[in-house]
Peer 1: 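My questions all concern the structure below.
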Amino acid sequence: ALAGRAIDDTYLAELEEALILADMGAATAMEVTSRLRAARGLRTTADVQAALRRILLDLTGPAVPFQVEPPPAVVLALGVNGSGKTTTIAKLAYRLRGEGRKVLLAAADTFRAAAIDQLAIWAQRVGVEMVRHQPGGDPGAVVFDGLQAMRARGMDVLIVDTAGRLHTKVNLMEELRKLNRIIARDAPPTVERLLVLDAATGQNAISQARLFHEAVDVTGIVLTKLDGTAKGGIVLAIARDLKLPVKFLGTGERLDDLTPFDPEAFVDALLP
Amino acid sequence: NLQARLGEIFRRLSGRGYLQPEDVDAVLREVRMALLEADVHFAVARDFVARVREAAAGQEIWKSLSPAQQVIKIVHDELTRLLGGTHRELRFAPRPPTVFMLVGLHGTGKTTSAAKLAYHLKRRGRHPLLVATDLRRPAAVAQLEVGGKQAGVPTFTQPGATDPVAVARAALEEAARAGHDVVIIDSAGRLHLDEELMAELAQMRAAVLPSEVLLTLDAMTGQDAVTMAEQFTAKVGVDGLILTKLDGDARGGAALSVVATTQRPILFAGVGERVDALEPFYPDRMAARILG
Ligand SMILES: Nc1nc2c(ncn2[C@@H]2O[C@H](COP(=O)(O)OP(=O)(O)OP(=O)(O)O)[C@@H](O)[C@H]2O)c(=O)[nH]1
Ligand SMILES: Nc1nc2c(ncn2[C@@H]2O[C@H](COP(=O)(O)OP(=O)(O)OP(=O)(O)O)[C@@H](O)[C@H]2O)c(=O)[nH]1
Ligand SMILES: [Mg+2]
Ligand SMILES: [Mg+2]
């Protein structure tokens with residue numbers, strides 16, 4: 001709708017509205033429009049679109065690929081309740097297995113009702129083994145056993161599921177730090193700590209990202225449920241403030257609904 | 001915070017002794033920014049600020065001794081009015097059983113809230129039956145059964161079933177047979193974009209005639225809340241809302257956006273993962289939270 005327009009105040013106000021509606025947040029949206037206003041030599045509408053695209057790509061930064069080399073690699077999935085961690089782990093396992101890697105899962109959500117059962121069903125569907133303890137048990141013990149099994153069985157990747165937790169719950173964040181320390185003590189050559197974030201989340205995602213990053217040093221974001229109507233613009237605000245890269249997009253409930261993050265495709269989908 | 005930012009604006013103006021239209025604009029711009037930061041929908045924030053402008057115009061705040069505080073009070077009162085204006089109690093059927101149906105996007109807290117609602121009603125002397133109609137999500141039925149055990153309430157399941165609407169119908173028959181006066185139906189998460197699944201919900205509603213179709217809304221939802229809620233309301237029908245995960249630090253502006261655009265009340269607040277973590281919704285507390 002903005003593609004054919006001259007770059008006047010009305011255009012900039014409408015652009016700001018579109019960016020806010022995409023959950024970029026007022027601050028980031030205003031920064032984008034002020035950078036566009038300051039841009040020189042924009043003669044045609046194509047120039048304006050190209051300049052806007054460049055500004056947004058500058059915010060996302062280049063693609064940072066998901067790393068599982070050299071093996072054995074450990075992937076820790078973390079994030080607030082209901083964001084899509086367990087389902088994302090199933091999709092990752094499916095993808096990695098498709099690459100010929102030996103994948104093991106660890107069901108370290110020992111708290112939520114039927115969480116272990118949920119991951120077990122996915123493990124069976126994907127065709128991978130899973131380390132599990134009793135519900136209510138110590139998640140650290142599951143992580144520890146997962147790491148042992150990973151080494152003993154010569155696995156290429158261990159993916160650890162954790163319980164959803166609100167970043168404001170101090171004791172739960174300390175539990176997550178503990179799980180991370182157990183992994184660090186094992187010292188695997190490669191570790192990915194993925195923050196799984198629902199694309200419909202608003203500005204609270206920034207404080208989520210900040211607190212999870214402070215707790216365990218997040219290496220990447222998986223942005224889920226992009227098959228909905230939310231645009232997930234919040235990852236640009238997160239990139240701007242914390243420099244955290246998006247590594248995958250979740251686009252549905254099936255095993256193959258996981259795509260590596262492509263900044264250009266994402267920005268093109270975001271552009272009004 | 002907003003009080004400090006408004007205080008700063010009024011301090012700069014106080015030396016001047018008169019107010020320009022752009023000064024009023026500056027104050028209202030800060031209010032709008034605060035609402036957007038709280039995830040209030042863009043259009044809802046714009047309309048809300050217009051109402052504040054009108055409310056403030058008649059009140060001579062600009063000459064008051066503490067204008068910043070007075071603006072905050074106007075905003076807080078207007079937020080409380082909007083959030084609470086549709087307030088009412090949960091509705092029960094004239095003859096039992098009363099049916100409640102939980103609907104909403106993936107991961108918003110339907111299954112957890114169903115068990116919480118069962119616990120809440122059991123404590124008030126009712127005999128609820130939980131109904132597991134999410135046949136798609138792995139271990140969803142098991143998850144509701146655990147919740148039911150925590151609530152001390154039975155859960156109706158049909159192992160091997162493939163039609164959620166048929167399960168809901170069968171649950172009503174069981175409720176009549178076993179003397180349950182309340183039936184709480186958990187449904188599978190779904191997108192408002194998914195026409196087939198929205199039609200399935202509409203079909204379920206027609207089959208069991210709920211007194212309340214309750215939409216769960218995650219308190220951290222951003223701008224998308226309005227589109228989602230409008231489409232659930234249009235395609236399925238929504239009677240009320242449950243605002244979940246309020247035990248976090250999300251400002252929760254989506255609550256204002258959804259109440260303002262759908263005119264449906266928020267009936268409960270989810271404030272934790274345990275089965276007793278369900279509270280009534282307090283509009284004035286929510287107003288203060290949105291204002292930050
Ligand atoms: N449409 C859609 N649904 C998704 C996507 N990812 C996950 N879901 C759904 O979101 C819901 C929650 O997913 P889970 O994997 O259980 O989320 P979680 O983060 O593990 O939840 P907790 O462990 O309870 O914190 C499920 O219904 C999933 O099918 C996605 O990319 N698109
Ligand atoms: N902290 C907190 N967590 C909650 C609250 N309500 C639900 N949860 C958690 O949010 C996650 C998702 O809850 P579910 O009840 O599985 O959500 P759902 O809507 O049934 O998910 P789907 O069936 O996959 O669509 C779980 O980890 C719950 O424990 C709440 O009020 N506070
Ligand atoms: Mg999970
Ligand atoms: Mg559920």
Side-chain angles (χ1 to χ4, degrees), chain A residues 16-27 29-30 80-87 90 111-125 135 163-169 198-208 211 224-225 227-234 252-253, chain B residues 32-43 45-46 105-112 115 136-150 188-194 218-228 231 244-245 247-254 272-273 275:
Chain A
E16 198 173 283
E17 174 175 355
L19 297 179
I20 289 172
L21 286 172
D23 280 319
M24 227 177 271
M30 283 171 18
V80 301
N81 306 73
S83 64
K85 299 174 290 300
T86 305
T87 311
F111 172 73
R112 205 211 68 211
I116 299 170
D117 298 333
Q118 181 187 6
L119 190 64
I121 291 170
W122 279 120
Q124 189 191 36
R125 287 183 189 175
R165 70 203 66 222
L166 295 181
H167 50 295
T168 45
K169 309 219 163 167
D198 187 325
T201 313
Q203 300 307 299
N204 193 247
I206 300 179
S207 90
Q208 289 176 28
L211 290 182
T224 63
K225 308 180 201 172
D227 45 319
T229 45
K231 298 272 181 118
I234 196 65
E253 298 188 79
Chain B
R32 192 172 146 267
M33 284 298 292
L35 295 175
L36 291 176
E37 283 165 20
D39 287 319
V40 174
H41 188 269
F42 189 92
R46 184 190 50 212
L105 291 179
H106 307 87
T108 50
K110 296 175 291 300
T111 304
T112 311
R136 299 207 338 278
R137 169 174 155 154
V141 172
Q143 184 188 2
L144 187 66
E145 285 182 303
V146 172
K149 283 211 186 66
Q150 290 171 352
R190 66 201 68 211
L191 295 175
H192 45 292
L193 290 184
D194 190 324
D218 191 326
M220 64 184 88
T221 311
Q223 299 287 310
D224 196 51
V226 165
T227 306
M228 179 280 298
Q231 294 211 14
T244 62
K245 306 178 202 172
D247 45 320
D249 65 351
R251 299 260 293 271
E273 294 191 77
V275 82

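Throughout, protein chains are lettered first and strands after them, A, B, ... in sequence-line order, and every chain is numbered starting at 1.
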Peer 1: When rounded to the nearest 0.5 angstrom, what distance separates NE2 in B:His192 from OG1 in A:Thr229?
Peer 2: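 Here the interatomic distance stands at 3.0 Å.
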Peer 1: Where do A:Gly228 and B:Leu191 come nearest, in terms of heavy atoms and distance?
Peer 2: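 Result for this residue pair: CA-CD2, 3.9 Å.
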Peer 1: Side chains of B:Gln143 and A:Gln118: closer than 4.5 Å at any heavy-atom pair?
Peer 2: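 No. Closest side-chain heavy atoms not under 4.5 Å.
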Peer 1: Only one of B:Arg137, B:Arg190, B:Arg136 clears side-chain hydrogen bond (donor to acceptor under 3.5 Å, both in side chains) with A:Glu253; which?
Peer 2: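 For A:Glu253, the side-chain hydrogen bond (donor to acceptor under 3.5 Å, both in side chains) check succeeds only for B:Arg136.
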Peer 1: Quick check on A:Met30 against chain B: is it the side chain, the backbone, both or neither that has a heavy atom closer than 4.5 Å?
Peer 2: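 Interface part for A:Met30: side chain.
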Peer 1: Report which part of A:Ser207 has an atom under 4.5 Å of a heavy atom belonging to chain B: side chain, backbone, both, or neither.
Peer 2: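 Only the side chain of A:Ser207 comes within 4.5 Å of chain B.
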Peer 1: Output the option from A:Ala26, A:Gly82, A:Gly25 having the highest count of non-hydrogen pairs under 4.5 Å with chain B.
Peer 2: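 The residue among A:Ala26, A:Gly82, A:Gly25 with the greatest pair count is A:Gly82.
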Peer 1: Report which part of B:Leu36 has an atom under 4.5 Å of a heavy atom belonging to chain A: side chain, backbone, both, or neither.
Peer 2: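 Both backbone and side chain of B:Leu36 come within 4.5 Å of chain A.
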Peer 1: Roughly how far, to the nearest 0.5 Å, is CG of B:Asp249 from NE2 of A:His167?
Peer 2: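 Rounded to the nearest 0.5 Å, the NE2-CG separation comes out at 3.5 Å.
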Peer 1: What part of B:Glu273 gets closer than 4.5 Å to chain A, counting heavy atoms only: side chain, backbone, both or neither?
Peer 2: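 For B:Glu273, the contact with chain A is made by the side chain alone.
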Peer 1: Are the side chains of A:Asn81 and B:Met220 in touch, meaning some heavy atoms are under 4.5 Å apart?
Peer 2: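 They are not in contact (no side-chain heavy atoms under 4.5 Å apart), so the answer is no.
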Peer 1: Check each atom of B:Thr221 against the heavy atoms of chain A and say whether the ones under 4.5 Å are side chain, backbone, both or neither.
Peer 2: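 Both backbone and side chain.
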Peer 1: To the closest 0.5 Å, what do you measure between CD (B:Glu145) and CG (A:Asp117)?
Peer 2: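 It comes to 10.0 Å.
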Peer 1: I'd like to verify something: which residue of B:Gln223, B:Arg251, B:Met228 has the highest number of heavy-atom pairs under 4.5 Å with chain A?
Peer 2: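 Between B:Gln223, B:Arg251, B:Met228, the count favours B:Gln223.
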Peer 1: Considering only heavy atoms and a distance below 4.5 Å, find which of B:Ala219, B:Pro138, B:Gly253 pairs most often with chain A.
Peer 2: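 Option with the greatest count: B:Pro138.
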Peer 1: Given heavy-atom pairs under 4.5 angstrom as the criterion, report whether the side chain, backbone, both or neither of A:Lys231 touches chain B.
Peer 2: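 For A:Lys231, there is no contact with chain B at all, as no heavy atom is under 4.5 Å.
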Peer 1: For the interface with chain B, which of A:Ala205, A:Ala120, A:Ala230 has the highest count of heavy-atom pairs at distances below 4.5 Å?
Peer 2: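 Ranked by heavy-atom pairs under 4.5 Å with chain B, first place is A:Ala230.
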Peer 1: Rounded to the nearest 0.5 Å, what's the gap from CG on A:Asp23 to CG on B:Asp39? Could you check?
Peer 2: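 Between A:Asp23 CG and B:Asp39 CG, I get 6.5 Å after rounding to 0.5 Å.
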Peer 1: Please classify the contact between B:Asp247 and chain A as side chain, backbone, both or neither, with a heavy-atom cut-off of under 4.5 Å.
Peer 2: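 B:Asp247 touches chain A through backbone and side-chain heavy atoms alike.
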